[in-house]
Amino acid sequence: MLFFLLKRTGTMLLTALCLSFIVFVLTNLEPNLEKVAKYEGNARMSDQEVSNWLKNNGFNQPSLIRYGEWLGVWPGWTRTDEAGQVVAGRCIPKGSRDVAAAARFCGILQGEWGSSRVFREDVSTIIAIRLGLTGKMMFWVMLLMVPSALVIGVLAGMREGSRLDRSLSTFSIASTATPEYVSGVILIAIFASSAVGLKWFKGTATSAMDHATFENFFLPVLTIALYGIGYVARMTRASMAEVMTAQYVRTARLKGVTFPNIVMKHALRNALIAPFTVIMLQFPWLLNGVVIVETLFNYKGFGWSLVQAAGNNDIDLLLGISVVSVIVVLVTQLISDIGYVYLNPRIRIT
Amino acid sequence: MEPLTWTGALGPVLNPIFLATAAVLILSALASMVMSLLPTGHVPQGNGTMVARSGTAEWTRRVMLWALWALIALLVIYLATGLLPGIDNKGIIGAVSARFLPVWIALIVTYAVSIAYKRKLGLYGKLFDNPIGMIGFGLVMFWVFTALSVGIFDWIVTHDPLTAVSGMKNKFPGTALRGAEPEDYPYYLLGGDTLARDVFSRMVAGSFVVVRIAPLATLFAFMVGITLGLPAGYVGGRLDIFLSFLANLILAFPVILLFYLLVTPEIVQTGIPSYLALVLFLFPLVFLTVLINSRYFTTPNKRSLILALVLLPLGWLYVSLVSDQETPVSFLPAALDLFNIPGGILVVFVSVVFVNAPTVFRIVRGLVMDIKTRDYVAAAQTRGEGTWYIMLWEILPNARGPLIVDFCLRIGYTTILLGTLGFFGLGLPPDSPDWGTTINAGRKLLSIYPHAAMVPALALLSLVLGLNLMADGLREESLKD
């Protein structure tokens, strides 16, 4: 088990390194840097001025070295004036005179995530706040999605082929066929528009960032949950249907256990192993849904910042966000693997 | 002119009946669901056996079925009001249905022919034994025929999807066209959007964008996934570790981040999507070459002939596809260049293939690892067949069932991805009529004028739902044998 964990963690780190390098290279391509220079300087800079600006701000080194700087394994760049005096550098705060006190390395390994060009704030603060907001949303999504998906799946799977199964399965198919931007639009149009008149909920969730109420928070949560419910329910149904045909369930039936007892005491525990991994593997998908829903409902969380950072090529923020989201994805994969082994005693990893 | 009503001349008669039937259906469906949870009563017979009682549960079920059939009949009548003379009598539903006339005819012909010959049509024919599969297939073919009629013959659309008509901004469905000339269609059937364009025509024209890109992109993703997944699963070892690592790398990216990284104008300028296209579009050629070579390499003359016949036209298509004067990848002289893919479509295509291919790779790899332990693979190995022959001619045909089902599902997922791209305004031009872009444009005024976003949203929903239902039907039918 320990070796397995070590191996997985190693792969995880390698994946995270590769991914952050890809994002780094793509965001630091020539045209993107030109855009950054024009954003920081002024929009009518000549090509000469742009290349000067890039040189002065340490953007002219090979990308591998700059990636090392960002990571914190390569000393940050410094600029010296004619007298050989260090006047600026990656690790020297803007306007600071205290050049000697600046650290040699400053990358994410030292906890320096850089600062956002659009929000004019430290990336670590932005990510902490936004991740908290999204975490709040995810908590409610999970609270709505997991129980309803499991109930639907178990009810549909306990008598395969029955009418209840047919109708619930059709519902799950319909819900997996509805992407968030479609269900969100439909839900807003029905429950929040003045055209239909059912003004039960609010069409935006901006006010939910400070204090969430049922009225302003239910629609976004429902929109994300709906897409996941169908998928998890179908997996639960498949696994429940499989368990219900198992030998020990037949034995229980033959010895006269009542049907509710068979479902609750015999089948349920084994049927819930597969959905657990599926729910864990849903996180990357939910992340996707979060981006769409936060944009649609104008809820300024993690996904919303991703769109802002990517749209404005806010390099440091985008890198920070991708590192965090990749780690979330990989950690959930790891948890799902470990959980699968832990829940299913037939599998042992040596 | 008066705005059109939804249901036209027959509305006052049909609407109350429709509402009543719908209410009965919902009530009986709920009742029937609750009943099926209750334990069934058993009546002991004189001979020592027991019979399940057909009581209220059976009764509610019958009511539900009758209500369902009545509702379907009413819907058909609503659609058939399109046959009434005079556009005022048709109503919006009838007029829309009348515009779709070529699609209805094509659907009826397809169904009649397919059902008549379904025993001779293999898996496709079996789809018509399954009600769910039939409904799904109907929805899918509806949009395919719509897209073809719009894209090839320019039927169905009532106005140009890109031109605005003054005075029609945000008008509700059924509004009469202001200042209509006699040759114009006199109404905006499903209203106008924020730029005063016809919502109905945009929705119909948008279907062509989806039907043009989604199946083809899925096919390319399958080519990439199969070509890499077969050796990864069959050979295993370091190759498998390396390829799986790459696939997991792409899968760990949030899809939207990947889209932003690939599709923004700055990246397109550097030519990265074009280079990706160069690589990704090579896979079908590689696949076909290996497929043909592994089968016919014992008779070199025949092999060379077939290869030349297949590869020359496809190779020409390939180079004219990837080579474009406006991108960094431009090597073909303009005289030989057959066609250029317009504006962002190639970029969208490439990024969708790129996102889908790793998942297909994983599915194929899993299937191959399962199948390679079978006896017929061992037999082929004993015969001394080549590795590629075993993978492509022994394993792949036996993995076709799950792959076909996944292909249907994946077209739906690709449609969703295309919509996501449009929703974030990536890739396609901002006035493109595709559904994602239209939903994005319509969502700003969603709470006041919901029709502009609702119409494309429902269109997308019905297409993806159709694909999922069809996949479900196919899965059920292919499991039967």
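Every chain is numbered from 1, with letters handed out A, B, ... down the list of sequences.
What you find for Tyr260(B) and Ala310(A) is that their closest heavy atoms are CG-CB, 3.3 Å. The minimum heavy-atom distance linking Gly419(B) with Tyr181(A) is given by the pair CA-OH, 3.1 Å. Counting all heavy atoms, side chain and backbone alike, Val329(A) lies closest to Ala252(B) at CG2-O, 3.9 Å. Closest heavy-atom contact between Leu249(B) and Cys18(A): CD1-CB, 3.7 Å.
When heavy atoms are compared at a cutoff of 4.5 Å, Tyr413(B) approaches chain A solely by way of its side chain, counted from C-beta outward. With a 4.5 angstrom heavy-atom cutoff, Thr176(A) touches chain B via backbone and side-chain atoms both. Only the side chain of Ile439(B) comes within contact range of chain A, with heavy atoms under 4.5 Å apart. Thr420(B) touches chain A through backbone and side chain together, each having a heavy atom under 4.5 Å away. Of the two parts of Thr295(A), the backbone and the side chain both hold a non-hydrogen atom closer than 4.5 Å to a non-hydrogen atom of chain B. Using a 4.5 Å cut-off between heavy atoms, Leu306(A) contacts chain B through its side chain alone, with no backbone atom that close. Looking at Asn468(B), the atoms closer than 4.5 Å to chain A (heavy atoms on both sides) sit in the backbone and in the side chain alike. With a 4.5 Å cut-off on non-hydrogen atoms, Leu296(A) touches chain B through its backbone and its side chain both. For chain B, the nearby parts of Leu19(A) are the backbone and the side chain; heavy atoms of each come within less than 4.5 Å. Both the backbone and the side chain of Ala174(A) come within contact range of chain B, each with at least one heavy atom under 4.5 Å from a heavy atom of that chain. With a 4.5 angstrom heavy-atom cutoff, Ile186(A) touches chain B via backbone and side-chain atoms both. The contact between Ile256(B) and chain A is made by backbone and side chain atoms together, counting heavy-atom distances below 4.5 Å. For Phe424(B), the part sitting under 4.5 Å from any heavy atom of chain A is the side chain, from C-beta outward, and nothing else.
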Test log, rule side-chain contact (heavy atoms from CB on, under 4.5 Å), inputs Leu318(A) and Leu261(B): CA-CA 10 Å; Leu318(A) 195 54; Leu261(B) 289 178; 4.2 Å; yes
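When Thr178(A), Ile292(A), Val326(A), Leu287(A) are compared by the number of non-hydrogen pairs under 4.5 Å with chain B, Ile292(A) comes out ahead.
Between Ile416(B) and Tyr227(A), some side-chain heavy-atom pair lies under the 4.5 Å cut-off. Side-chain contact between Ile272(B) and Leu26(A) is present, with at least one heavy-atom pair separated by less than 4.5 Å. For the pair Val23(A)/Phe253(B), a side-chain contact is recorded, criterion being any heavy-atom separation below 4.5 Å from C-beta on. Inter-residue side-chain proximity for Pro179(A) and Leu460(B) is flagged as met; some heavy-atom pair is nearer than 4.5 Å.
Within a 6.0 Å radius of OH in Tyr231(A), no more than 12 heavy atoms belonging to other residues, nucleotides or ligands are found. With a 6.0 Å radius and a threshold of 12 heavy atoms from other residues, nucleotides or ligands, Arg443(B) has its CZ atom above the threshold. Annotation: Phe242(B), atom CZ; neighbour count of heavy atoms from other residues, nucleotides and ligands within 6.0 Å does not exceed 12.
Taken from OG in Ser169(A) to CG in Asp472(B), the straight-line distance is 7.5 Å, to the nearest 0.5 Å. Rounded to the nearest 0.5 Å, atoms CE (Met454(B)) and CD1 (Ile190(A)) are 5.5 Å apart.
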All N/O donor-acceptor pairs, side-chain side in residues 7-16 of chain A, below 3.5 Å, sequence neighbours left out:
residue: Arg8(A); atom: NH1; partner: Asp337(A); partner atom: OD2; Å: 2.1
residue: Thr9(A); atom: OG1; partner: Leu5(A); partner atom: O; Å: 2.5
residue: Thr11(A); atom: OG1; partner: Lys7(A); partner atom: O; Å: 2.7
residue: Thr15(A); atom: OG1; partner: Thr11(A); partner atom: O; Å: 2.6

